[in-house]
Amino acid sequence: MFRSGESKALREEAGISQAEFARAVGVSRSAVCQWESDSRSPRTEVALRCWSVLSRLRTVVSE
């Protein structure tokens with residue numbers, strides 16, 4: 001569900017900072033940094049929120 005490389009690429013393509021993504025998901029910027037470096041993974045409920053935000057970003061980027 002949550003693939004760090006893909007989510008980082010999509011976030012960057014959309015022009016969203018780690019801090020902005022973190023606010024949208026409801027976590028700290030350091031949590032996003034850890035996910036993107038593959039040192040940690042989000043818990044299930046947080047991963048679902050990430051998926052929702054990433055889905056919206058994917059729609060914006062594809063337009």
Side-chain angles (χ1 to χ4, degrees):
M1 178 190 316
F2 185 86
R3 295 186 179 102
S4 61
E6 291 177 28
S7 63
K8 179 179 180 180
L10 181 58
R11 177 185 61 72
E12 289 177 340
E13 186 176 350
I16 303 295
S17 70
Q18 284 183 337
E20 292 169 319
F21 183 76
R23 277 192 297 276
V25 175
V27 297
S28 68
R29 189 207 53 82
S30 65
V32 174
C33 182
Q34 290 173 350
W35 302 337
E36 289 183 353
S37 67
D38 281 332
S39 61
R40 295 193 73 157
S41 296
R43 293 185 319 256
T44 302
E45 67 273 7
V46 176
L48 291 172
R49 291 196 309 259
C50 287
W51 179 82
S52 176
V53 171
L54 290 169
S55 293
R56 287 183 272 156
L57 287 179
R58 194 171 286 114
T59 300
V60 169
V61 169
S62 67
E63 291 180 347

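With hydrogens and angles ignored, the 3.5 Å screen pairs a side-chain donor or acceptor of Arg11 with a backbone N or O of Ile16.
For the pair Val25/Val32, no side-chain contact is recorded, criterion being any heavy-atom separation below 4.5 Å from C-beta on.
Atom CZ of Arg29 sits about 9.5 Å away from atom CD of Gln34, to the nearest 0.5 Å.
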Start with the C-alpha distance between Arg58 and Val61, add both sets of side-chain angles, then the distance that settles side-chain contact (heavy atoms from CB on, under 4.5 Å), and finish with yes or no.
CA-CA 5 Å; Arg58 194 171 286 114; Val61 169; 5.9 Å; no
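Residues satisfying the side-chain hydrogen bond (donor to acceptor under 3.5 Å, both in side chains) criterion with Ser28, sequence neighbours excluded, are Ser30. With sequence neighbours excluded, no residue satisfies side-chain hydrogen bond (donor to acceptor under 3.5 Å, both in side chains) with Thr59.
When all heavy atoms of Cys50 and Trp35 are compared, the closest pair comes out as SG-CZ3, 3.4 Å. Heavy-atom minimum distance, Glu20 versus Gly15: OE1-O, 3.9 Å.
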